Each structure stands twice: as structure tokens, then as C-alpha cells.
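In what follows, a single structure is set out as C-alpha cells and then discussed.
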Amino acid sequence: MVQAAIDHAVSRFATARRVTVLTGAGVSAASGVPTFRGDAGLWRQFRPEELATAAAFARDPALVWEWYDWRRTLIAACPPNRAHHVLADWSTRRPGVTLITQNVDGLHERAGTARLTCLHGSIWTLRCWRACGTPDWTNYDVPLSPCPPRCPSCGGLARPGVVWFGETLDPADLTLATEACVCDVFMVVGTSAVVHPAAGLADIARAHGAYLIEINPETTPVSDAVDVSIRGAAEIVLEAFDRWPLERPTVA
Ligand SMILES: NC(=O)c1ccc[n+]([C@@H]2O[C@H](COP(=O)([O-])OP(=O)(O)OC[C@H]3O[C@@H](n4cnc5c(N)ncnc54)[C@H](O)[C@@H]3O)[C@@H](O)[C@H]2O)c1
Ligand SMILES: [Zn+2]
């Protein structure tokens with residue numbers, strides 16, 4: 001990627017009226033939250049795909065809750081990083097900036113982000129597994145006690161309020177995310193864009209004429225389809241976007 005293309009991307013971003021940012025696990029990597037891919041994403045001998053499903057929960061809720069309790073405890077000790085803070089700052093200063101995240105860690109919320117849609121729910125939300133009708137509730141206890149936790153209304157098992165593999169997204173969240181694709185600049189940050197609808201949202205934004213920017217240290221399936229793909233860590237590149245024109249994001 002040539003420097004001129006990156007400079008062009010930053011100026012498009014700086015002058016855009018509506019900017020939508022889609023984030024993934026990479027945005028939280030610098031906070032110490034492991035992504036799912038690679039050895040760091042493994043817990044004991046399990047892959048996330050084997051634990052984050054309704055079938056796994058039905059089979060062994062204690063095991064699945066042990067994994068979530070471990071992740072909640074790990075995440076509770078992870079502060080938001082520069083990427084979360086820069087994005088939160090844009091969302092509060094620029095009314096046209098909207099965020100969509102696939103993360104469940106709550107770090108965008110802790111940084112004070114406005115206009116945030118959490119497509120995959122939150123690890124801090126609990127839900128009645130029996131669906132007895134009680135509304136989802138928030139629980140920040142680490143470690144959980146008891147674990148597995150129970151529904152305060154019917155006393156049955158609680159489940160994590162996240163979207164598991166094989167489950168559909170909340171239609172209201174999907175509508176918000178789709179509407180946010182009508183924008184001038186669409187940024188895809190820290191996501192491998194293999195889990196839908198991440199890649200799909202970028203396509204919708206492009207169909208609406210948005211200028212697409214990707215920020216990721218690695219090549220992803222959307223890299224070839226964006227206008228500019230900046231190879232770098234979110235916490236560094238977003239900071240440079242924020243300081244432009246005093247500083248410029250540079251070619252990796
Ligand atoms: N923090 C969280 O809430 C969390 C953690 C793990 C997984 N998940 C969720 O599970 C699903 C798939 O997980 P996944 O781990 O494959 O996430 P992902 O698909 O979002 O992949 C992580 C991406 O982040 C990139 N990355 C790594 N460090 C980065 C950095 N410093 N700056 C920018 N990009 C960086 C990697 O190259 C990779 O493309 C998604 O829904 C994801 O959001 C959430
Ligand atoms: Zn219940």
C-alpha cells in the first residue's frame with residue numbers, strides 16, 4: 001500500500017459525514033483479551049467452536065460455564081486500550097460516527113462509546129436457559145457464585161447472553177447494523193471477516209457507495225475488496241488517524 005493511498009483514506013475519513021466502524025476481537029488484543037484463532041484462543045484442549053454452541057451447553061452446562069467464568073475473569077482485568085478510547089471519542093464528538101462490534105467483552109462500553117450495536121451480545125449479560133420470560137440481566141461477578149448461575153425468576157439454569165455459533169442475530173441489532181451501512185466511510189477493524197455478517201456488512205456499505213478502509217495486521221477475505229487495507233495494529237493506526245494531519249499513519 002502506498003503512502004498516498006493511506007493519506008487519501010485519512011482525508012476521506014476526516015471529511016466524511018457518516019462513518020461506520022465494524023470491530024472484531026483484534027481491537028481488544030492489545031488489552032490482553034485473546035482472539036479465538038491461534039493457540040492463545042484455546043482453553044484446555046477445547047476449541048471455542050466446541051464450547052460456544054447451544055448443543056455444548058445442553059450436553060455439559062457446567063463445562064461451558066467454567067469456560068465463560070474463566071473468560072469473564074480474564075476480561076475483567078483487561079482495560080480498554082487506545083483503539084477503544086479513540087473510537088469512543090469519535091462517537092461522542094462526531095454525531096455521524098456509529099460503531100458495530102462483534103466483541104462480547106464490554107470494552108467499547110467501558111470506554112464510553114456512543115451509538116454502539118453489539119451484534120454478538122455481551123459476556124456480562126445472562127439469560128434464562130428455559131426462556132421463562134424474565135428479561136436478560138447484567139452480572140459483573142468474577143468469579144461467578146454459584147457457577148453455573150441460576151435464573152432469579154424461575155430458579156432454572158442461566159446461559160450467557162451471547163450469540164453462539166449456529167444461532168441467529170437479534171433482528172433489531174441486525175436492522176441497526178444494516179442501516180449503519182448507509183454511510184460515506186466504512187471501516188473494518190480487527191476482524192478476520194470470516195464470521196458472517198461481518199463480510200456481508202462491508203458488501204452492503206460498498207453497494208451504498210461507501211469508501212472502505214480495513215485496519216488489520218493480517219490479510220483477510222475482505223482485504224481485496226476494500227479501497228484501502230492498512231496493515232497495522234488497531235491501537236496504533238486509529239491513534240494516527242486521530243492525530244492526522246499532525247501525524248500520518250505510515251506504510252507498514
Ligand atoms: N474480545 C472479544 O469479545 C472476543 C474475543 C474472541 C472472539 N470473539 C468473537 O468470536 C468471533 C470470532 O473470533 P476471532 O478471534 O476469530 O475474531 P476475529 O474473527 O475478529 O479475528 C481477529 C482478527 O484480529 C486481527 N488482529 C490481531 N491483533 C490485532 C490488532 N492489534 N489490531 C487489529 N487487528 C488485530 C487478526 O489478524 C484477525 O484478523 C467473533 O465474533 C469475535 O468477535 C470476541
Ligand atoms: Zn427463568
Side-chain angles (χ1 to χ4, degrees), residues 21-43 47-49 51-53 67-68 70-72 74-76 78 80-84 86-87 100-110 116-137 148-167 169 173 177 187-199 201 213-223 229-240 249 252:
V21 186
L22 170 69
T23 68
V27 163
S28 296
S31 295
V33 182
T35 56
F36 277 177
R37 291 172 222 297
D39 289 347
L42 293 177
W43 175 73
R47 309 175 61 78
E49 293 84 348
L51 294 162
T53 69
W67 180 57
Y68 276 99
W70 171 79
R71 287 181 64 203
R72 286 163 54 102
L74 187 153
I75 292 166
C78 296
N81 66 59
R82 283 307 299 159
H84 299 105
V86 167
L87 292 170
I100 307 167
T101 190
Q102 301 166 91
N103 294 347
V104 297
D105 56 29
L107 293 186
H108 283 305
E109 294 92 319
R110 271 165 64 189
L116 170 70
T117 299
C118 297
L119 277 184
H120 294 170
S122 168
I123 202 162
W124 306 111
T125 298
L126 270 57
R127 181 174 302 148
C128 179
W129 170 243
R130 282 185 190 157
C132 74
T134 203
D136 293 358
W137 64 98
R150 318 294 304 187
C151 169
S153 181
C154 72
L157 265 180
R159 59 159 282 178
V162 299
V163 179
W164 280 329
F165 292 105
E167 292 185 324
L169 303 183
D173 288 340
M187 296 174 99
V188 184
V189 189
T191 174
S192 49
V194 287
V195 180
H196 266 268
L201 292 174
I213 302 171
E214 175 181 57
I215 301 172
N216 197 310
E218 311 279 341
T219 306
T220 77
V222 300
S223 298
S229 185
I230 303 176
R231 293 277 151 273
E235 62 280 7
I236 293 168
V237 177
L238 289 174
E239 177 90 59

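Because the structure is predicted, anything quoted here is derived from the model rather than measured. Counting starts at 1 for both ligands and their atoms, following the listed order. Counting from 1, the numbers follow the sequence of the chain as shown.
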The option among His108, Arg71, Gln102 carrying the non-hydrogen atom nearest to atom 42 (C) of ligand 1 is Gln102
Hey, does Val104 come in under 3.5 Å of ligand 1, counting only N/O atoms on both sides? yes
To the nearest 0.5 Å, what is the distance between OG (Ser31) and CD1 (Ile75)? 10.0 Å
re atom 29 (C) of ligand 1, the protein heavy-atom contact at minimum distance is Gly26 O, 3.4 Å
Numbered atoms and elements of ligand 1 in range of Thr35, under 4.0 angstrom, heavy atoms: 6 (C), 15 (O), 22 (C)
Please name all residues satisfying side chain to side chain contact (heavy atoms under 4.5 Å, CB included) with Leu169, sequence neighbours left out, ordered by chain then number. Leu119, His120, Val163, Leu174, Pro197
Considering only protein heavy atoms, which is closest to atom 16 (O) of ligand 1, and at what distance to one decimal place? Arg37 NE, 2.7 Å
Sorted by chain and residue number, which protein N/O/S atoms are under 2.8 Å from the Zn ion (ligand 2)? Cys128 SG, Cys132 SG, Cys151 SG, Cys154 SG
Among all protein non-hydrogen atoms, which one is nearest to atom 11 (C) of ligand 1, and what is the separation to 0.1 Å? Phe36 CD1, 4.0 Å
Ranked by distance from atom 2 (C) of ligand 1, the top protein heavy atom is Asp105 OD2, 3.5 Å
Measure the spacing between CZ of Arg110 and CG of Asp105 and express it to the nearest 0.5 Å. 8.5 Å
Polar contacts were defined as any N/O atom of the residue lying under 3.5 Å from an N/O atom of the ligand; does this apply to Glu218 and ligand 1? no
Considering only non-hydrogen protein atoms, determine which one is nearest to atom 44 (C) of ligand 1 and report residue, atom name and distance to 0.1 Å. Asn103 OD1, 3.9 Å
Checking the side chain of Arg82 only, and the main-chain atoms of Ile236 only, is there a donor and an acceptor separated by less than 3.5 Å? no
Among all protein non-hydrogen atoms, which one is nearest to atom 31 (N) of ligand 1, and what is the separation to 0.1 Å? Glu235 OE1, 3.2 Å
Considering non-hydrogen atoms of the protein only, which is the closest contact for atom 19 (O) of ligand 1, and what is the distance? Ser192 OG, 2.4 Å
Heavy-atom closest contact (Ser223 atom, Glu218 atom, distance): OG-O, 4.5 Å
CD of Glu235 to CG of Leu87, rounded to nearest 0.5 Å, is 11.0 Å
Any heavy atom of Pro34 under 4.0 Å from ligand 1? The part involved is backbone
Which of the atoms in ligand 1, numbered in the order shown and given with their element, are less than 4.0 Å from a heavy-atom of Gly24? 20 (O)
Could you say whether the N/O atoms of Ala233 and ligand 1 ever approach to under 3.5 Å? no
In ligand 1, the atoms that come under 4.0 Å of a heavy atom of Ala234 are 30 (C), 32 (N), 33 (C)
If you have a sec, work out which protein heavy atom is nearest atom 39 (O) of ligand 1 and how many Å separate them, to one decimal? Asn216 ND2, 3.0 Å
More than 12 heavy atoms of other groups within 6.0 Å of Arg150 CZ: yes
Are Val194 and Pro221 side-chain neighbours, meaning at least one heavy-atom pair lies under 4.5 Å? yes
Please identify which atoms of ligand 1 are closer than 4.0 Å to at least one heavy atom of Ala25. 4 (C), 5 (C), 6 (C), 7 (C), 15 (O), 17 (O), 20 (O), 43 (O)
Ligand 1 atoms nearer than 4.0 angstrom to some heavy atom of Val33 are 1 (N)
Could you list which atoms of ligand 1 come closer than 4.0 Å to a heavy atom of His120? 41 (O)
For Ser122, enumerate each residue passing the side-chain hydrogen bond (donor to acceptor under 3.5 Å, both in side chains) test, keeping only those at least two apart in sequence or located in another chain. none
Side chains of Ser28 and His84 only: does a donor on one sit below 3.5 Å from an acceptor on the other? yes
Are the side chains of Glu109 and Cys118 in touch, meaning some heavy atoms are under 4.5 Å apart? yes
Please enumerate all residues that pass side chain to side chain contact (heavy atoms under 4.5 Å, CB included) together with Thr134, with sequence neighbours excluded. Cys128, Cys132, Trp137, Cys151, Ser153
Does even one non-hydrogen atom of Ala30 get within less than 4.0 Å of ligand 1? no
Working to the nearest 0.5 Å, report the span between CG of Leu126 and CG of Asp136. 8.5 Å
For Ala83 against Val27, the heavy-atom pair lying closest together: CB-CG1, 4.1 Å
For the pair Arg159 and Glu167, find out whether any cationic side-chain nitrogen is under 4.0 Å from an anionic carboxylate oxygen. yes
If you compare Gly32, Ala29, Ser122, Gly190 by their heavy atoms, the one closest to atom 23 (C) of ligand 1 turns out to be Gly190
Given Met187, which partner from the list Leu238, Val237, Thr23, Ile230 fulfils the side chain to side chain contact (heavy atoms under 4.5 Å, CB included) test? Leu238
